Amino acid sequence: MIYGAPVTETPVRPADPETIASAGVILREGGLVAMPTETVYGLAADGLNPAAVARIFAAKGRPADNPLILHLSEAGELEGIVERPPQLAFELAAAFWPGPLTLVLRRRDVVPAIVSAGLATVAVRVPAHPVARAIIRACGRPLAAPSANRSGRPSPTLAAHVAADLDGRIAMIVDGGPTEHGIESTVLDLSELGPRGGSGASGEKGGDAPLLLRQGAITREALAAKIGAVRDAHGEALARSPGLRHRHYAPRAKVELVEPAMLQRRSRELAGDGLRLGVIDGGPGQGEDPQLSGVSWLRLGSTSQEYARSLFAALRTLDELSVERILAVTVPELGIGRALMDRLRRAALG
Ligand code: TXA
Ligand code: MG
């Protein structure tokens with residue numbers, strides 16, 4: 001053992017068949033396993049076992065009023081979990097599953113109330129990551145899985161991020177390498193639609209269009225192209241996604257958002273004030289300023305997609321470097337840029 005190295009208690013295992021089989025056993029016995037998905041790492045428990053689900057809340061320090069997503073291995077399992085899904089749910093499932101779209105539907109009684117924090121609804125998705133689906137199949141149950149970070153920390157996009165937050169608190173971490181999207185699934189509420197759902201269902205109670213509760217890896221544009229109208233959640237509607245009320249993605253340093261055109265001026269100002277500065281420069285950005293030294297300048301690629309993939313890791317890196325201020329470049333609110341700006345704003349709220 002290397003003197004001074006952190007004691008690691010939770011094994012981090014490569015995602016091979018043996019690991020997947022033992023993850024299945026741990027989950028069946030009510031234990032917690034962190035697994036890769038195509039969005040971020042998830043902290044999984046048997047979603048039909050209330051004691052196992054309670055362990056998720058304890059390990060993360062998650063507020064009890066913040067509901068979890070159930071992960072299914074295929075869309076065919078949907079009807080066992082939710083009550084009378086509208087036709088639109090099947091259309092969306094056919095178009096986007098497996099993949100990073102979460103649907104909020106009416107919960108059946110087989111789903112323990114703790115999964116959805118007592119709400120009458122439950123959030124479900126079929127992840128696209130082959131390791132996640134193999135682990136769900138190995139357990140043989142739907143898996144409740146929030147992002148595998150301590151509550152209030154950035155979502156984990158590497159197994160090492162999970163270990164940093166949850167070592168010693170969970171039974172196993174399955175390492176599937178870096179996650180593809182780096183930003184969480186899009187959450188769409190269909191729970192108040194009539195049997196048909198969608199724009200054709202007007203006249204039924206709440207039957208106009210589904211409600212977009214969280215911007216995520218499936219873009220609003222892709223949803224609208226498939227199903228027409230999507231309503232954005234404002235004010236009261238946001239209360240329906242309790243996770244959005246809580247503190248989120250907060251690095252230790254204060255985060256300031258800056259338009260690309262203002263980045264040079266603002267970074268020189270702050271560095272001139274003698275602040276230990278970190279810059280998150282992605283999308284159009286501008287690249288490192290040769291006049292600045294001693295600034296932790298992270299260039300996260302040239303597209304919003306690349307920026308989104310690396311944002312959470314960058315926030316963690318800058319925390320480790322103990323910078324005092326983070327300047328993060330904004331991107332246009334189009335496509336994945338909407339979800340990215342949503343996460344940047346939350347980080348800036350602190
Ligand atoms: O990509 C993802 O969605 C990742 C991976 C692991 O699947 N999971 C994830 O879970 O981000 P979590 O718990 O960090 O975020 C779930 C979000 C929260 O904002 C929560 O409030 C919302 O979904 N949610 C869950 N169940 C809900 C429900 N019944 N009604 C409304 N919102 C719900
Ligand atoms: Mg989360």
Side-chain angles (χ1 to χ4, degrees), residues 32-45 47 53 56-57 59-72 81-83 96-108 111-129 131-133 135-136 142-157 161-162 165-166 174 176 179-192 210-218 233 236-250 308 312 339 342-343 346-347:
L32 302 183
V33 172
M35 65 179 184
T37 83
E38 73 278 24
T39 56
V40 300
Y41 277 76
L43 178 58
V53 174
I56 291 181
F57 286 89
K60 281 187 57 114
R62 184 175 176 103
D65 65 349
N66 193 0
L68 307 176
I69 298 171
L70 278 186
H71 295 67
L72 313 178
I81 297 299
V82 305
E83 197 73 58
F96 295 105
W97 284 356
L101 177 66
T102 295
L103 301 179
V104 174
L105 293 157
R106 289 176 287 259
R107 174 168 62 94
R108 270 187 191 265
V111 179
I114 186 173
V115 170
S116 42
L119 297 174
T121 57
V122 64
V124 286
R125 81 178 188 99
V126 177
H129 200 297
V131 172
R133 293 174 74 199
I135 292 174
I136 302 167
L143 297 180
S147 50
N149 50 284
R150 288 291 282 267
S151 228
R153 298 269 295 143
S155 291
T157 56
H161 299 158
V162 182
D165 279 14
L166 297 173
V174 180
T179 57
E180 178 191 342
H181 297 285
I183 225 158
E184 304 88 341
S185 64
T186 301
V187 180
L188 194 64
D189 189 345
L190 308 185
S191 67
E192 297 204 342
L211 194 61
L212 185 55
L213 294 180
R214 179 174 73 179
Q215 303 271 2
I218 296 287
E236 191 191 338
L238 273 182
R240 280 209 248 154
S241 198
L244 302 179
R245 288 198 300 269
H246 295 289
R247 212 171 146 267
H248 251 84
Y249 317 121
F312 291 143
D342 169 79
R343 304 310 188 268
R346 284 174 206 286

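One-based numbering, in listed order, for ligands and for the atoms of each. For this chain, numbers begin at 1 and follow the sequence in order. A quick note: this is a predicted structure, and the numbers were derived from the prediction, not measured.
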Need the ligand 1 atom indices (1-based, order shown) with element for anything under 4.0 Å from a heavy-atom of [X].
| X | value |
| --- | --- |
| A123 | 25 (C), 26 (N), 27 (C), 29 (N) |
| E184 | 1 (O), 2 (C), 11 (O) |
| I69 | 3 (O), 8 (N), 9 (C), 10 (O), 16 (C) |
| T39 | 1 (O), 2 (C), 4 (C), 5 (C) |
| L68 | 25 (C), 26 (N) |

Is the backbone N or O of [Y] less than 3.5 Å from a side-chain atom of [X], with the two atoms forming a donor-acceptor pair by type?
| X | Y | value |
| --- | --- | --- |
| R106 | S191 | yes |
| R107 | L119 | yes |
| R150 | G61 | no |
| T179 | T37 | no |
| H71 | I69 | yes |
| R62 | P67 | yes |
| S147 | N149 | no |

For ligand 1, which part of [X] has a heavy atom less than 4.0 Å away: the side chain, the backbone, both, or neither?
| X | value |
| --- | --- |
| H71 | side chain |
| L213 | side chain |
| A145 | backbone |
| T121 | both |
| R62 | side chain |

Answer yes or no for S147: is there an N/O/S atom below the 2.8 Å cut-off from the Mg ion (ligand 2)?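 Given the 2.8 Å cut-off, S147 counts as a ligand of the Mg ion (ligand 2).
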Test P100 against every option in E184, E180, E38 by the side-chain contact (heavy atoms from CB on, under 4.5 Å) rule and name the one that passes.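 Answer after filtering E184, E180, E38: E38.
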As a check for students: among A217, S147, S155, A34, identify the option with a heavy atom nearest to atom 9 (C) of ligand 1.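 Looking at heavy atoms only, the winner is S147.
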Kindly identify the option in L188, L143, N66 whose heavy atom sits closest to atom 18 (C) of ligand 1.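 The option holding the nearest heavy atom is N66.
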Step by step, would you call F96 with T186 a side chain to side chain contact (heavy atoms under 4.5 Å, CB included)? CA-CA 11 Å; F96 295 105; T186 301; over 6 Å; no
Heteroatom distance test (Y41, ligand 1): nitrogen or oxygen, under 3.5 angstrom: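 N/O-N/O distance under 3.5 Å: no.
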Check this for me - ligand 1, K60, N or O atoms closer than 3.5 angstrom, yes or no?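 In this structure, K60 places no N or O atom under 3.5 Å from an N or O of ligand 1.
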Does H181 come within less than 4.0 Å of ligand 1, judged by its heavy atoms?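 No, that is not the case, since the closest heavy atom of the residue is not under 4.0 Å from the ligand.
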Is there a donor in the side chain of S185 and an acceptor in the side chain of T39, or the other way round, less than 3.5 Å apart?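 There is no such pair between these side chains.
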